[in-house]
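Everything numeric here is computed off the predicted structure, so don't read it as measured data.
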Amino acid sequence: LQRNLRLPGGLEQSPLSAVQLCMRLDLVCAQVLGLAVTACKTVVSLAKHYRGKYLDALVSQIQSGFLVSVSSYLSTSGKETGMLEDLDVGMLWLSLVTIRFRTVGEDPSFLKKSDGLRVNRLQNGHFAVEVPVTGGECDILKEALGRAIQAGFKPPQVEAPGGMIAEGVIVSASLCGVVFSQGVNEMQYLAASSFSSDLSVQANINYESMLRLERFVTTVVGNLNRNILRQSTQASSVGEIQVVVAALEDQLNAVKQQVTVAMNDLYARNVNILFDASALCRELSGIHAVLCKSGKDRTGQASTFEQARDL
């Protein structure tokens with residue numbers, strides 16, 4: 001990050017502050033990357049053991065990329081505002097990351113590392129995170145890739161550091177991170193009651209995430225429409241795909257409406273943003289996480305709600 005970071009004018013004259021900012025960004029991005037890699041590995045593992053809808057989700061993610069969605073219950077008051085801004089930067093940074101699943105083989109650089117991950121910086125300044133897979137995981141990834149290719153997907157050329165072609169990579173997929181936030185505790189109530197300007201941070205983050213989510217939906221819909229062209233002789237399949245596309249567009253419009261309402265009234269509490277966005281991300285085969293400051297009360301209530309809704 002230190003190579004790409006553009007510091008504000010005041011920090012350029014303060015080397016210590018610049019180093020502290022770089023370390024803070026490195027920590028944030030490392031934590032967000034840990035979430036993304038763990039979730040991606042979980043999807044592969046579920047597809048290997050249970051197939052069915054999990055294999056379908058893996059195929060979709062290979063075509064469109066892995067969507068990483070976070071519902072934040074952080075308030076826009078005090079230190080939690082800074083935590084929310086850090087989270088937003090980390091999720092935006094994920095757009096620079098590509099996940100590559102590769103066979104381990106006898107590569108000593110993988111065997112010597114306890115976590116098995118290798119992060120490479122590419123010539124365009126983006127990052128490639130190589131995740132080792134073995135045995136059944138390799139087989140399910142190859143099967144998912146084969147299904148994606150049958151649907152018209154063209155695997156991208158996998159670049160290695162120095163501009164060479166990477167070897168041993170089975171699947172390469174981009175990441176898209178979005179975070180939707182709504183404070184729900186007493187500190188959020190006080191911030192709204194006092195008409196704090198920090199509430200605009202929450203509204204702007206939701207709006208920017210909605211734009212990224214809209215682009216992701218456009219990619220998914222494009223892939224589905226491409227499937228229609230390839231299955232033009234199967235009326236039943238075409239009808240099912242058209243129903244899915246219409247449902248995705250309706251859900252996206254619901255999210256956009258909630259974000260617009262929040263932008264027009266910064267001081268109103270609108271938890272429907274979180275519910276509608278998480279529902280859409282699930283329909284997109286995305287990866288969803290919930291958090292607050294401590295990961296206890298608000299996170300526990302939110303996860304209980306999500307489980308009850310699924311039931």
When you check the side-chain N and O atoms of Gln188 and Ser77, is any donor under 3.5 Å from an acceptor?
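No, because no side-chain N or O of Gln188 sits under 3.5 Å from a partner of the opposite role on Ser77.
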
Tell me the closest heavy-atom pair linking [X] and [Y], and the distance in Å.
| X | Y | answer |
| --- | --- | --- |
| Arg102 | Val169 | CB-CA, 3.8 Å |
| Gln258 | Asp276 | CG-OD2, 3.3 Å |
| Ala279 | Arg309 | N-NH2, 4.0 Å |
| His126 | Asn124 | N-OD1, 3.0 Å |

Pairs flagged by ring pair (Phe, Tyr, Trp, His ring centres under 6.0 Å) wherever [range] is involved - sequence neighbours left out:
| range | answer |
| --- | --- |
| residues 28-75 | none |
| residues 247-266 | none |
| residues 184-204 | Phe195-Tyr267 |
| residues 286-311 | Phe275-Phe305 |

What is the distance from atom [atom1] of [X] to atom [atom2] of [Y], rounded to the nearest 0.5 Å?
| X | Y | atom1 | atom2 | value |
| --- | --- | --- | --- | --- |
| Ile170 | Ile62 | CD1 | CD1 | 10.0 Å |
| Leu145 | Ile140 | CG | CD1 | 12.0 Å |
| Ser64 | Phe153 | OG | CZ | 9.0 Å |
| Ser278 | Glu306 | OG | CD | 4.0 Å |
| Ile149 | Lys154 | CD1 | NZ | 11.5 Å |

Taking the side chain as every heavy atom from C-beta outward, state whether [X] and [Y] have any pair of such atoms under 4.5 Å apart.
| X | Y | value |
| --- | --- | --- |
| Leu33 | Cys29 | no |
| Leu67 | Ser285 | no |
| Ser196 | Thr76 | no |
| Leu55 | Arg147 | yes |
| Thr219 | Gln63 | no |
| Leu284 | Leu213 | yes |
| Met91 | Ser209 | no |
| Phe101 | Cys40 | yes |

Starting from [Y], can I reach [X] by hopping between I/L/V/M/F/W/Y residues whose side chains sit under 4.5 Å apart?
| X | Y | answer |
| --- | --- | --- |
| Val68 | Leu96 | yes |
| Met263 | Val261 | no |
| Phe216 | Leu211 | yes |
| Leu46 | Val171 | no |
| Val184 | Leu199 | no |

The test is side chain to side chain contact (heavy atoms under 4.5 Å, CB included); show your working for Leu87 and Leu291 and say whether it passes.
CA-CA 10 Å; Leu87 175 62; Leu291 61 80; 4.0 Å; yes

For Leu27, which fellow cluster members are found when Ile, Leu, Val, Met, Phe, Trp and Tyr are connected by side-chain heavy-atom distances below 4.5 angstrom, either directly or through intermediates?
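Hydrophobic cluster check, Leu27: no partners found.
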
Glu249: what forms a salt bridge (charged side-chain N to carboxylate O under 4.0 Å, His left out) with it, not counting sequence neighbours?
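Partners of Glu249 by the salt bridge (charged side-chain N to carboxylate O under 4.0 Å, His left out) criterion come out as none, since no residue qualifies.
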
Return the set of residues passing salt bridge (charged side-chain N to carboxylate O under 4.0 Å, His left out) with Arg269 (not counting sequence neighbours), or none when no residue passes.
none

Check whether [X] reaches the backbone of [Y] with its side chain - one donor and one acceptor, N or O, closer than 3.5 Å.
| X | Y | answer |
| --- | --- | --- |
| Ser60 | Asp56 | no |
| Asn206 | Ser181 | yes |
| Gln182 | Ile273 | no |
| Glu283 | Leu248 | no |
| Lys41 | Pro132 | yes |
| Asp88 | Leu84 | no |

What residue pairs, at least two apart or across chains, pass salt bridge (charged side-chain N to carboxylate O under 4.0 Å, His left out) with a residue in residues 287-298?
Glu80-Arg298

When you check the gap from the basic side-chain N to the acidic O, do Asp139 and Lys48 get nearer than 4.0 Å?
no

Residues that [X] engages under side-chain contact (heavy atoms from CB on, under 4.5 Å), provided they are two or more places apart:
| X | result |
| --- | --- |
| Ser303 | none |
| Gln257 | none |
| Lys53 | none |

Assess the residue pair Asp26 and Met23 against the criterion (side chain to side chain contact (heavy atoms under 4.5 Å, CB included)); give the C-alpha distance rounded to whole Å, side-chain angles, the decisive distance to 0.1 Å, and a yes or no.
CA-CA 5 Å; Asp26 282 341; Met23 290 181 62; 5.5 Å; no

For Asp198, which residues count as a side chain to side chain donor-acceptor pair (under 3.5 Å) partner, sequence neighbours excluded?
none

In terms of heavy-atom contacts, does CZ of Arg24 have more than 12 from other residues, nucleotides or ligands at under 6.0 Å?
no

For Glu143 and Leu58: C-alpha separation, side-chain torsions, deciding distance, then whether side chain to side chain contact (heavy atoms under 4.5 Å, CB included) applies.
CA-CA 10 Å; Glu143 181 179 348; Leu58 183 58; over 6 Å; no

Mind running side chain to side chain contact (heavy atoms under 4.5 Å, CB included) on Leu35 and Val70 for me, showing each step along the way?
CA-CA 10 Å; Leu35 164 66; Val70 173; 4.0 Å; yes

